[in-house]
Structures are given as C-alpha cells and as structure tokens.
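The first residue of the sequence shown is numbered 1, and numbering continues consecutively from there. Whatever order the structure lists ligands and atoms in, that order sets their numbers, starting from 1. Keep in mind the model is a prediction, meaning the values are calculated, not measured.
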Amino acid sequence: MKILVDTVSVVEVGPRDGLQNEKVTIPTVVKIAYITALGDAGLRVIEAGAFVSPKWVPQMADTAQVYAEIPKDPGVEYPVLVPNMRGLERAIDAGVKSVSIFTAASETFNKRNINMSIDESFENYAPVAVRARAEGMKVRGYVSTAFGCPYEGEVLPEKVLEVSARLLDLGCYEVSVGDTIGVGTPMQVQGVIGVLMQVIPASKLAMHFHDTRGTALANTLAALEMGIATFDASSGGLGGCPYAPGASGNMATEDLVYMLDSMAIETGVDLNRLVKAASIVAPYLDHPLPGRYLQACTKGQMPFATSTPVQ
Ligand code: HMG
Ligand code: MG
C-alpha cells in the first residue's frame, strides 16, 4: 500500500445526512448539543442542517434554530445544504457562511431528490452560486449516485466528471463525490477517481461513501492511494438519503478516525470525544448506531487507541 497523504480533512455530515433520514424527531436542543460535542471532538467542518423544503425532508425543518443556537467555534465551519434560491435566502437570513449545493450523476435520482433534471439543477444553481459567493459564502458541490443509481443502475465515470466539472465551473471550491447507496468497490473507486483526476486536481475532490455494503473503509483506502485527502463521514454511521431506497448510513466517523490514527494520518479528531458526541444523540434514535468502533465500545470493549503506527 502506498499512501502519500499525511493529513485528512474529515467533513462531519451526521447532523445533516444522518438525522435527515431518521424516522423519529430529534429535539432541536439535542441536535445543538450533538453538533457542539462534535466540534469539541476536533471536527473542523460540521454540516449543521439543510434549508430544503420541510415538506420533502421534515427532519431538517428546524435548521434555522439549530444554526442560530450552536455556540459557534471560530475554528469550525458549519455548512448547510441549499437546494435552490429559497434555501440560499434562508441561509443568508440565518447568517450561514458556507453552503452546499447538490445534484447527481443520474437523471432519475436527481428528479426524485430535488425534482429537477441534471440540466435544470444547473440552471437553478447558477444564480444561487453567484449570489452565495457575492455574500462571501463558501460553496461546496455534491455529486450523488457517482458509483451507481438506485433507479438506473450503472453510472458512467465520464458523467461523474461532467457533473463535477460543471459544479467547479459554478465556483464550488470542492466537489464531494457521493456513493449515495453504498454500491462502490475499491477498484471502481480508483477508476472513477482516475477519470476525475484527468481534469480535476485531488485537492478539489472529497469522497462521500455510504457504507450500505460494508465497502466504505476499503473505498477510503483506495481513494487515499489516489491522493484524496478529504472524506465525509457520519458520527456513529448515521445516514441515508430519504430519496434513495435502501440507502443506509455514511462511513462512521469513528471507524474512519480509528483507521487513520493507525496509519499516522493526522485528522485532529479525538476518538474518545467522538464517542461521547455519538452518545448524545444515540438515546433519541429508535435503533442502535451502526458504526463498528462505537458498537465495540458499547459491547463492553474499552475505547482504546490504535497500535503504534507503522511508519
Ligand atoms: P418542489 O416541490 O419541486 O419545489 O421541490 P417547489 O418550488 O414547487 O416548492 C414546493 C414547496 O416547498 C413550496 O411550498 C415551496 O415554497 C417550498 P408550498 O407553496 O407548497 O407551501 N420550498 C421550500 N421551503 C423551504 N426551503 C426551501 C424551499 N424550496 C421550496 N429551500 C425542492 C423542489 C428542491 C424544494 C425539493 O425537492 C427539496 O427540498 N429537495 C431536497 C431533498 C433532500 O434534502 N434530500 C436529501 C439531501 S441530498 C443527499 O442526502 C445526498 C448527499 O448526502 C450526497 C450523497 O449521499 O450522494 C448530499
Ligand atoms: Mg449522503
């Protein structure tokens, strides 16, 4: 294994990607405590919610209140998802400094998720990105279904490249390449990244792996080998898109940090504090958190540091 990356940026998506898919309503105060604890664990980018239609995703309806009441750590970014100009205006009113726009590499998923074709989504996002940047906001882009679509099946890497490049053309500082339904496998990941990197530098790419089939960590290693240094992950392995049938949680942040610690790859994240953050939200869910490191802890194994890194 040859990995040149020595520092990884972890983008914590639990409070958004995680909680958007929960059946039970999580009290706003719990979300605020959870986000605060994630910041205390050392995460520097924490997705705080989504200004999407509350009819489409009711779980994110309290994002303005959540955002207003998080004690803002000046060293932490709290991005929110915006699907359109209405969402951006809500973000501006809330004083948000960083937004994410999201589209997909497959038409049917995009239609189900944001009721727009891919082209329509770009017409929609072009003025959103201009306005957001004029307001001094950072804009991140997401490409969903980059490794497979729940409705259309196979997705061509060339399509992922086209959509990613269009997001960067809109002024996104980074594109998060999403395995929305967790179908990707390591060699496929390297193939897709290889196509993307013919045009886009690794520094502008992040990977967003859902762990539906247990391949997220293997896919992360494959991406690290390609020089990718930003990974989205979800505390406790929470997650899933309500418009992707069968999609389950993101790669668990604890599992990612545990693996990276053992490789002497710096994340700035404290594993024990991360476990504490997950324990804030866990009692409010109607199922156990799926993250493996966390499960090992709750099954009575002590949280422990990884073995001495092999240099
Ligand atoms: P639509 O129904 O086509 O839009 O939805 P509309 O313009 O007809 O509006 C419908 C209603 O929503 C109207 O209200 C609007 O005012 C309201 P009504 O007149 O019926 O009372 N509305 C809004 N309200 C609040 N905030 C807004 C907003 N916009 C409209 N921003 C729309 C189109 C895009 C709004 C809808 O489809 C939507 O909100 N979709 C979001 C779905 C979503 O959040 N999915 C999960 C996030 S993406 C994801 O998880 C994938 C990711 O993790 C990466 C990966 O894993 O691949 C990022
Ligand atoms: Mg996701």
Where is the nearest protein heavy atom to [atom]: which residue, which atom, and how far?
atom	result
atom 58 (C) of ligand 1	R16 NH2, 3.4 Å
atom 11 (C) of ligand 1	S53 OG, 4.3 Å
atom 15 (C) of ligand 1	R86 NH1, 4.0 Å

As an exercise, identify every atom of ligand 1 less than 4.0 angstrom from a heavy atom of [X].
X	result
G87	31 (N)
K55	14 (O), 18 (P), 20 (O), 21 (O)
V57	42 (C), 43 (C), 44 (O)
P83	31 (N), 34 (C)
N113	37 (O), 40 (N), 41 (C), 42 (C), 43 (C), 45 (N), 46 (C), 48 (S)
H208	53 (O), 54 (C), 55 (C), 56 (O)
P54	24 (N), 25 (C)
L81	47 (C)

Who gets closest to atom 35 (C) of ligand 1 by heavy atom: D232, N84, V177, I101?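 Minimum heavy-atom distance to atom 35 (C) of ligand 1 goes to N84.
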Is at least one protein non-hydrogen atom found at under 4.0 angstrom from [atom]?
atom	result
atom 7 (O) of ligand 1	no
atom 18 (P) of ligand 1	yes
atom 4 (O) of ligand 1	no
atom 56 (O) of ligand 1	yes
atom 30 (C) of ligand 1	yes
atom 13 (C) of ligand 1	no
atom 45 (N) of ligand 1	yes

Ligand 1-proximal atoms of [X], by part, heavy-atom distance under 4.0 Å:
X	answer
E89	neither
M60	neither
D17	side chain
T180	both

Test the K72-Y67 pair against the cation-pi criterion, namely NZ or CZ under 6.0 angstrom from the six-membered ring centroid and within 45° of the ring axis. yes
Tell me whether the guanidinium CZ or amine NZ of R133 lies under 6.0 angstrom from the six-membered ring centre of Y125 and within 45° of its axis. no
Taking the basic N atoms (NZ, or NE/NH1/NH2) and the acidic carboxylate oxygens, is any pair closer than 4.0 Å for K23 and D286?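 Answer for the salt bridge query: no.
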Looking at E174 and K204, is any side-chain nitrogen of the basic one under 4.0 Å from a carboxylate oxygen of the acidic one? no
Looking only at non-hydrogen atoms, find the nearest pair between [X] and [Y] and report the distance.
X	Y	answer
T36	P71	OG1-CD, 3.3 Å
E120	N115	OE1-O, 4.4 Å
I280	V30	O-CG1, 4.0 Å

Counting both backbone and side chain atoms, is some N or O of [X] under 3.5 Å from an N or O of ligand 1?
X	result
T145	no
F51	yes
Y142	no
Y243	no
D179	no

Measure the distances from the heavy atoms of A50 to every atom of ligand 1 and state whether one is below 4.0 angstrom. no
Is any protein N, O or S atom closer than 2.8 Å to the Mg ion (ligand 2), and if so, which?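 Only D17 OD2, H208 NE2, H210 NE2 fall inside 2.8 Å of the Mg ion (ligand 2).
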Which ILVMFWY residues can you reach from F109 by hopping between side chains whose heavy atoms are under 4.5 Å apart?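 Y151, all in the cluster of F109.
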By salt bridge (charged side-chain N to carboxylate O under 4.0 Å, His left out), R166 pairs with (sequence neighbours left out) D119, E162
Donor-acceptor list for residues 87-100 side chains, cut-off 3.5 Å, not counting sequence neighbours:
residue, atom, partner, partner atom, Å
R90, NH1, V52, O, 3.1

